[in-house]
Amino acid sequence: MIEVAKTAGFCFGVRRAVDMAEREAAARGSLVSLGDIIHNTHEVERLHALGVTKAEHVEDVPDGSAVLIRAHGVPEAVCRSLEEKHCEVIDATCPFVGKIHRIVREESAKGRLVLVIGSKNHPEVVGIQGWCGESMVFETAEQLSKMFAENTQESEKLRSKPVSVVAQTTINRKIWDFCIKIIKKECTNAKIFDTICNATDERQAEARLLAGKSDIMIVIGDRKSSNTKRLYEISAALCGRVLYIEDASELDGTEIQSAEHPIIGITAGASTPARIIKEVRNKMSEEIKNEIETEDFEAMLNESFKTLNTGDKVTGTVIQISQNEVHVDLGVKHAAYIPMHELSDDPSFKLEDNIKVGDEIEVVVVRVNDAEGTIVLSKKRVDQMKGWESIEAAKEEKTIVEGVVSEENKGGVVASAFGVRVFIPASQTGIPKGQPLSQLVHQPIKFRITEINRPRKRVVGSIRSVQQDERRAAAEKVWSEIEVGKEYTGTVKSLTSYGAFVDIGGVDGMIHISELSWGRIKHPSEIVAVGDTVNVYVIGLDTEKKKISLGYKRAEDNPWNVFTSNYEIDDVATVKILKFMPFGAFAEIIPGVDGLIHISQIANRRIAKPDEVLTIGQEVEAKIIDIDTEKKKVSLSIRALLSKDDE
């Protein structure tokens with residue numbers, strides 16, 4: 001039996017680079033590749049026949065040439081050199097590698113030391129180091145452990161400096177895990193970026209499973225390929241016989257002679273073309289002269305080149321996010337992307353919060369261009385499909401929907417929920433008549449769906465319905481718990497000549513004008529305004545008529561309490577003359593507390609009327625000669641402070 005790993009062969013980054021090389025060479029007639037496009041001699045030779053020539057160094061590139069940057073990427077300095085030579089750069093750097101370039105550049109800018117776990121002389125690692133400042137490379141956990149054990153200069157640097165760690169995309173997961181364990185133990189300020197490609201993890205995991213159950217394991221790939229070497233190492237640890245070959249020509253027909261009905265596993269590195277895998281599979285099939293019992297590889301191969309139709313709903317993996325589009329791997333030959341305007345209709349949608357490289361994403365095919373080898377996708381159309389189902393369910397079940405108001409229009413506002421536009425009439429917004437609806441724009445809201453006309457794509461909602469339910473529920477809660485003396489924080493809803501109405505959480509209560517202030521006021525507006533937040537307490541209840549009387553003025557603010565706390569009999573106070581009576585004059589001691597100066601206590605001589613000596617508004621010194629606590633009355637005397645010389 002022969003089983004071919006589903007992940008065998010080109011990964012996305014390699015396939016993308018090869019496709020770009022073929023496309024650009026066909027369009028231009030010739031193309032310069034800076035180094036081998038991929039680590040596969042056979043594929044490099046095939047591309048050379050199509051017009052792709054190779055230059056080992058920047059100096060070898062003719063000025064003004066069209067230059068392809070290989071999947072492994074190059075240092076930033078190389079890109080600048082090509083620009084200086086006026087070359088047209090076609091960047092086929094694997095998006096996952098490009099992400100590492102961005103990480104190390106940003107971390108270096110923060111003054112951090114970059115630590116790369118990978119093969120020191122591998123082109124990908126060389127490229128990564130070329131995008132950062134100070135960096136170190138370690139290939140194994142043993143190297144790291146030995147360095148720390150010997151307390152070298154490098155180990156002291158790693159212990160003392162902030163470190164940011166990245167991985168070569170094709171590094172063995174076990175090597176990475178061991179290295180990270182050591183780094184976390186030795187470095188106190190390490191930031192870990194797991195940049196191993198998901199495809200690498202999957203390929204190595206599948207190789208591990210396949211090797212564990214196979215009698216013979218065949219690993220196909222160029223001997224310069226780092227990821228293929230990893231597959232060989234994994235396979236050799238689990239399978240007794242492992243063949244590392246570059247193509248079918250290295251098989252001589254004797255591989256299975258010593259085994260009866262062997263199980264043969266085949267895997268291949270990320271730079272191995274499908275045609276070479278197919279040739280190896282076919283040759284092994286001839287050797288065992290047995291029908292392949294696993295899934296036909298030809299069908300599997302054809303599947304990788306399948307085309308899609310407009311309207312198909314498919315699932316892919318986000319592999320790159322640029323300024324204008326999101327690139328998605330659909331497992332087909334075509335390059336697929338989502339334009340920004342096809343991401344979402346939600347005005348509050350933020351790309352960085354919702355989509356990340358490596359995410360699985362469900363999309364609809366908008367357009368297939370076989371000539372250009374591209375597929376245009378839409379995420380928002382999938383959201384709309386799901387959104388309509390959610391909207392219809394919400395109406396049926398009368399559930400509350402959350403959304404964001406996107407705009408104000410004639411007669412109401414428009415909100416977005418589940419990717420669907422919902423119109424909310426002005427009468428259903430909960431905004432009082434005469435107040436601007438614009439205050440709702442860009443605000444999150446809760447509403448119910450009241451009407452749906454799917455053929456016309458019309459949905460109507462009501463905020464007011466939710467508010468009424470919330471107010472009703474709040475009112476029930478208030479009435480179940482309310483009692484005299486209980487305090488509430490409320491909002492002033494309206495004013496009348498006799499008091500203020502306050503919402504205390506779904507129920508309105510009234511503060512009578514006499515309860516607003518200890519002093520005399522003519523209208524509640526002297527104390528409060530509509531919209532004010534006030535602290536009140538319950539002073540009366542009528543549960544049958546659903547009426548609540550509220551108090552606002554506080555005992556600690558009672559002027560009489562303030563007076564008695566600060567004055568005693570025989571104290572002298574500066575008072576203000578307020579009015580005259582036939583028997584004397586009333587004077588203000590403190591705001592809210594008046595005292596009587598009897599006519600006999602105004603002067604040292606006999607007077608007929610108070611205004612013979614005093615004037616309204618005049619401030620004078622007076623002595624407190626009596627305090628009637630029960631009746632809250634104060635008697636004052638000016639005469640008590642006068643000497644005989646004042647007569």
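Along the sequence shown, residues carry numbers from 1. We use all heavy atoms of the structure for the numbers below, so side chains are in, but hydrogens, waters and symmetry mates are not. Here the structure is a predicted model, which means the values were calculated and not measured.
A heavy-atom distance below 4.5 Å is found between the side chains of Val376 and Pro339. Between Arg46 and Val18 there is a side-chain heavy-atom pair separated by less than 4.5 Å. Using a 4.5 Å cut-off on side-chain heavy atoms (C-beta onward), Asp222 and Thr228 make no contact. Side-chain contact between Val89 and Ile69: present, with at least one pair of heavy atoms (C-beta onward) separated by less than 4.5 Å. Here the side chains of Trp176 and Thr195 are not in contact, with every heavy-atom distance at 4.5 Å or above. Side-chain contact between Ser145 and Phe138 is absent, with no heavy-atom pair separated by less than 4.5 Å. Side-chain contact between Val326 and Tyr337: absent, with no pair of heavy atoms (C-beta onward) separated by less than 4.5 Å. A 4.5 Å side-chain heavy-atom check between Ile183 and Leu144 finds at least one atom pair inside the cut-off.
Between Ser378 and Ile338, the shortest heavy-atom distance links the atoms CA-CG2, 4.3 Å. Of all the heavy atoms in Ile355 and Ile321, the pair that sits closest is O-CD1, 3.5 Å. Summarising the geometry of Glu22 relative to Leu50, their closest heavy-atom pair is CG-CD1, 4.1 Å, with the distance given to 0.1 Å. Closest approach of Arg203 and Leu231 over heavy atoms only: CD-CD1, 3.7 Å. Residue Leu68 comes nearest to Ala21 through the heavy atom pair CD2-CB, 3.9 Å, listed as atom of the first residue, atom of the second, then distance. Here the shortest heavy-atom pairing between Asp215 and Pro262 reads OD2-CA, 3.4 Å.
Glu156 has a carboxylate O that lies under 4.0 Å from a charged side-chain N of Arg159, or vice versa, which qualifies the two as a salt bridge. At a threshold of 4.0 Å, the pair Arg80-Glu76 counts as salt-bridged, since one of the basic side-chain nitrogens sits closer than that to a carboxylate oxygen. In summary, Lys85 and Glu83 do not engage in a salt bridge, as defined by a charged side-chain N under 4.0 Å from a carboxylate O. Checked for salt-bridge contact, Arg281 and Glu3 miss the test: no charged N lies under 4.0 Å from a carboxylate O. Under the 4.0 Å criterion applied to side-chain N and carboxylate O atoms, Arg23 and Asp19 are not assigned as salt-bridge partners. Taking a cutoff of 4.0 Å between a charged side-chain nitrogen and a carboxylate oxygen, Lys157 and Glu134 qualify as a salt bridge. A salt bridge between Lys386 and Glu362 is present, with a side-chain N of the basic residue lying under 4.0 Å from a carboxylate O of the acidic one. The existence of a salt bridge linking Lys224 and Asp36 is confirmed by a sub-4.0 Å separation between a basic side-chain nitrogen and an acidic carboxylate oxygen. At a threshold of 4.0 Å, the pair Lys146-Glu154 does not count as salt-bridged, since none of the basic side-chain nitrogens sits closer than that to a carboxylate oxygen. A salt bridge does not link Glu206 to Lys6: none of the charged side-chain nitrogens sits closer than 4.0 Å to a carboxylate oxygen. A salt bridge links Lys191 with Glu107: the distance from a Lys NZ or Arg NE/NH1/NH2 to an Asp or Glu carboxylate oxygen falls below 4.0 Å. A salt bridge does not link Glu139 with Lys120: none of the charged nitrogens is closer than 4.0 Å to a carboxylate oxygen. Looking at Arg275 and Glu43, a side-chain N of the basic residue comes within less than 4.0 Å of a carboxylate O on the acidic one, giving a salt bridge. Salt-bridge annotation for Arg28 and Glu88: present, with a side-chain N of the basic residue lying under 4.0 Å from a carboxylate O of the acidic one.
Within a 6.0 Å radius of NZ in Lys161, more than 12 heavy atoms belonging to other residues, nucleotides or ligands are found. By the 6.0 Å contact criterion, CD on Glu360 is open, its count of non-hydrogen atoms from other residues, nucleotides or ligands being 12 or less. Dense packing is recorded around NZ of Lys356, with more than 12 heavy atoms of other residues, nucleotides or ligands lying under 6.0 Å away. Around atom OH of Tyr244, more than 12 heavy atoms belonging to other residues, nucleotides or ligands sit under 6.0 Å away. Environment of CG in Asp353: crowded, with over 12 heavy atoms of neighbouring residues, nucleotides or ligands closer than 6.0 Å.
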Next on the checklist: Set out, in order, the CA-CA distance, both residues' side-chain angles and the distance that settles side-chain contact (heavy atoms from CB on, under 4.5 Å) for Glu246 and Ile276, then state yes or no.
Outcome noted: CA-CA 8 Å; Glu246 293 194 357; Ile276 291 180; over 6 Å; no
Item to check | side chain to side chain donor-acceptor pair (under 3.5 Å) assessment of Glu124 paired with Thr169 | outcome: CA-CA 8 Å; Glu124 180 187 318; Thr169 55; 2.8 Å; yes
Item to check | Steps toward salt bridge (charged side-chain N to carboxylate O under 4.0 Å, His left out) verdict (Asp177, Lys181) | outcome: CA-CA 6 Å; Asp177 289 341; Lys181 187 176 181 180; over 6 Å; no
Next on the checklist: Run the side-chain contact (heavy atoms from CB on, under 4.5 Å) test on His72 and Val126 for me, step by step, so that the C-alpha distance in whole Å, both residues' side-chain angles and the decisive distance to 0.1 Å come before the verdict.
Outcome noted: CA-CA 9 Å; His72 294 122; Val126 173; over 6 Å; no
Item to check | CA sep, side-chain torsions, deciding dist, call: Ser135, Val104, side-chain contact (heavy atoms from CB on, under 4.5 Å) | outcome: CA-CA 9 Å; Ser135 64; Val104 299; over 6 Å; no
Checklist entry - Hey, mind stepping through Asp329 and Arg15 against salt bridge (charged side-chain N to carboxylate O under 4.0 Å, His left out) and telling me if it holds? => result CA-CA 11 Å; Asp329 181 12; Arg15 184 172 66 243; 3.3 Å; yes
Checklist entry - Stepwise, does the side-chain contact (heavy atoms from CB on, under 4.5 Å) test hold for Met284 with Leu251? => result CA-CA 8 Å; Met284 293 306 295; Leu251 298 173; 3.7 Å; yes
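Expressed to the nearest 0.5 Å, how far CG of Leu210 lies from CD1 of Ile263 amounts to 9.5 Å. In this structure, the separation between CD1 on Ile319 and CG on Leu330 is 9.5 Å, given to the nearest 0.5 Å. A distance of 3.5 Å separates CZ in Arg173 from CD1 in Ile196, rounded to the nearest 0.5 Å. Atoms CD and OG, on Gln204 and Ser235 in that order, are 10.0 Å from each other to the nearest 0.5 Å. The structure places OG1 of Thr272 at 6.0 Å from CD1 of Ile277, a figure rounded to the nearest 0.5 Å. Expressed to the nearest 0.5 Å, how far CD1 of Ile361 lies from CG of Asn354 amounts to 9.5 Å.
Side chains of Glu325 and His327: a donor on one and an acceptor on the other come within 3.5 Å. Side-chain contact of Thr170 with Gln168: a donor-acceptor pair under 3.5 Å is present, judged by distance alone.
A salt bridge (Lys or Arg N to Asp or Glu O under 4.0 Å) with Asp383 holds for exactly one of Arg381, Lys380, Lys379; it is Lys379. Of the options Val137, Val165, Ile171, a side-chain contact (heavy atoms from CB on, under 4.5 Å) to Val116 is made by Val137 and by none of the others. The side-chain contact (heavy atoms from CB on, under 4.5 Å) test with Leu377 is passed by exactly one of Leu343, Val363, Val382, Val366: Val363.
Taking the six-membered ring for Trp and thresholds of 30 and 60 degrees, His101 and Trp131 have nearly parallel ring planes, at less than 30 degrees apart.
Looking only at distances, no side-chain donor or acceptor of Lys313 sits under 3.5 Å from a matching main-chain atom of Val364. Judged by distance alone, with hydrogens and angles left aside, the side-chain atoms of Asn227 form no donor-acceptor pair with the main-chain N or O of Gly269 at under 3.5 Å. A donor-acceptor distance shorter than 3.5 angstrom exists from the side chain of Thr140 to the backbone of Gln143, with no hydrogens or angles considered.
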